[in-house]
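To keep things clear, I will list the structure first and then write my remarks on it.
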2 protein chains.
Amino acid sequence: MDSAPKPAGDGGETAVAGPREQARAKIEAKILAAAEAVFAEHGFSGAAMSEIARRAGIPKPNLHYYCKTKEELYRRVLQQILDLWLGTADEITPDADPAAALSHYIAAKIDLARRRPLASRVFANEVIHGAPQIGDFLANELNDWVARKAKVIDGWVKAGKLQPVDPKHLFFMLWAATQTYADFAVQIAAVLGRKKLQAADYDAAAKQTTEIVLRGLGLKVR
Amino acid sequence: MDSAPKPAGDGGETAVAGPREQARAKIEAKILAAAEAVFAEHGFSGAAMSEIARRAGIPKPNLHYYCKTKEELYRRVLQQILDLWLGTADEITPDADPAAALSHYIAAKIDLARRRPLASRVFANEVIHGAPQIGDFLANELNDWVARKAKVIDGWVKAGKLQPVDPKHLFFMLWAATQTYADFAVQIAAVLGRKKLQAADYDAAAKQTTEIVLRGLGLKVR
DNA sequence: ATAAAACTTGATCGATCGGTCAAACTTTGG
DNA sequence: CCAAAGTTTGACCGATCGATCAAGTTTTAT
């Protein structure tokens with residue numbers, strides 16, 4: 001990570017990465033994965049640098065060599081998660097078919113909840129506790145992102161493709177209904193009488209959420 | 001709290017409470033309110049007993065006099081919150097009108113998100129981190145509660161009052177869509193360009209959520 | 001070959017936190 | 001009035017945690 005003295009050659013001059021760059025990339029990936037898991041499980045305060053180091057398979061001072069402080073490591077994990085955020089909903093465009101675009105968005109979000117539940121939980125934990133680190137992101141990038149998407153949906157409504165709807169509250173509902181299968185997986189599994197959520201559960205969630213939302217917006221299902 | 005040596009007369013023999021009982025009740029209320037706020041803000045690990053004591057206006061050893069351990073205090077806060085949980089959805093009964101019952105449930109849940117956001121956040125935090133304290137509650141009481149309500153909704157479907165729907169996933173969606181206005185209030189406020197959510201925001205949320213869900217279930221709105 | 005840079009690691013430090021203790025003070029019941 | 005029970009509080013303890021240091025080893029560039 002950039003906190004280390006010198007990440008060696010990184011200007012793109014060299015065609016192949018030396019053993020040092022490769023080792024560094026491998027370790028940083030291990031660290032980020034371990035940190036995401038520990039932050040998801042225990043929250044920022046409850047996460048111990050020693051446990052992150054242990055799970056990453058390195059001594060604690062070595063972890064501090066790559067990430068000077070716990071807060072910096074936490075921010076790095078969050079940054080990785082925010083990149084996931086803004087990469088979704090590419091299908092929500094003015095000319096797209098609303099039913100297809102929304103179906104795809106819901107499916108993608110549920111799929112993310114299944115494949116990256118830890119990321120979702122770290123994000124949820126951060127926001128629940130007041131977003132001390134990503135407050136600026138929420139007020140700037142995310143605000144802009146939603147404003148752009150809201151214009152698209154408003155356009156759909158004006159074109160008569162959709163029942164009138166407040167696009168922002170629609171997003172809040174979609175985010176909540178999909179991310180709950182990551183953040184509240186333990187609760188949902190308990191109510192479904194399972195130890196762990198299974199593939200069929202996520203499929204059922206995506207199917208029914210899509211049906212209710214599409215029909216609720218006056219769109220034809222399927 | 002029951003951890004203290006003797007809560008004086010509590011068998012209901014005395015008609016009026018003495019000054020000691022009154023003071024005890026007042027302090028316990030202060031402690032629970034302070035604890036709920038600190039646990040909501042910092043999570044279990046991040047919450048400091050010293051800060052809870054400070055916000056309750058008592059010295060730390062006095063806090064430990066009323067609640068022996070941090071975990072016990074946390075469980076007490078959670079218990080208070082779980083009581084809120086099971087008290088909702090009384091209107092979801094076999095003979096009720098589905099549209100009216102679901103509208104009322106959504107409105108009540110959004111109202112709870114507005115009036116008791118701290119309770120919702122403590123609960124969310126607990127579940128996100130694996131429900132170490134309330135796992136049994138989820139697998140027993142809540143599981144039973146949902147099973148009962150699911151039977152009611154299945155009955156509605158069989159009576160042709162409703163589009164076919166998986167009642168459990170419907171509850172997951174309703175819980176998520178309503179509690180998000182408590183748990184993720186900071187994010188929602190940022191996207192809406194506000195410092196804090198206002199009464200009109202909650203009203204808009206309840207209105208639109210109700211519309212989409214009811215229409216999505218094949219029910220007439222209003 | 002060699003020096004500089006990058007990386008590794010055992011030992012340790014200061015701060016914070018949950019919890020305890022013992023000595024006080026206050027209320028209650030006889 | 002007085003003893004027992006209940007309550008309050010400043011001082012303190014051991015454990016844990018984030019972070020640092022200093023002495024090493026390995027890689028890189030010339």
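In what follows, every chain begins at residue 1, and chains take the letters A, B, ... in the order their sequences are listed.
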Under 6.0 Å between the ring centres of F123(A) and W85(A)?
yes
At under 4.0 Å between heavy atoms, what does A47(A) touch on the DNA or RNA strands: base, sugar-phosphate, or nothing?
sugar-phosphate
Using a cut-off of strictly less than 4.0 Å, decide whether Y65(B) has a side-chain nitrogen or oxygen near OP1 or OP2 of dT9(D).
no
K70(B) to F44(B) six-membered ring, cation-pi geometry met (6.0 Å, 45°):
yes
Distance in angstrom units between L63(B) CG and dT7(D) C1', rounded
14 Å
Step through it carefully: locate the ring centre of Y181(A), locate the ring centre of H169(B), and say whether they are under 6.0 Å apart.
yes
Within 6.0 Å of NZ in K149(A), more than 12 heavy atoms from elsewhere:
yes
Hey, does V146(B) have a side-chain heavy atom less than 4.5 Å from the side chain of L192(A)?
no
Give a yes/no answer on whether the side chain of Y66(B) brings an N or O atom under 4.0 Å of OP1 or OP2 in dT8(D).
yes
Expressed as a whole number of angstroms, how long is the span from L73(B):CG to dC17(C):P?
16 Å
Length of the CG-P vector between N62(A) and dA19(D), whole Å
15 Å
In whole angstrom, give the distance that lies between atom NE2 of H42(B) and atom P of dT16(C).
15 Å
R54(A) CZ to dC17(D) P: how many Å, rounded?
11 Å
Determine, using ring centers only, whether W145(A) and F171(A) are less than 6.0 Å apart.
yes
What integer distance in Å separates F44(B):CZ from dC17(C):C1'?
12 Å
Atom-to-atom span, CD1 of I27(B) to C1' of dT9(D) - whole angstrom:
13 Å
If the sugar-phosphate is the primed atoms plus P, OP1 and OP2 and the base is the rest, what is the B/S/- string for nucleotides 19-26 of chain C, using protein heavy atoms under 4.0 Å?
BBB----B
Does dT7(D) have OP1 or OP2 under 4.0 Å away from a side-chain N or O of R24(B)?
yes
Check whether any side-chain heavy atom of H42(A) lies under 4.5 Å from a side-chain heavy atom of H129(B), and answer yes or no.
no
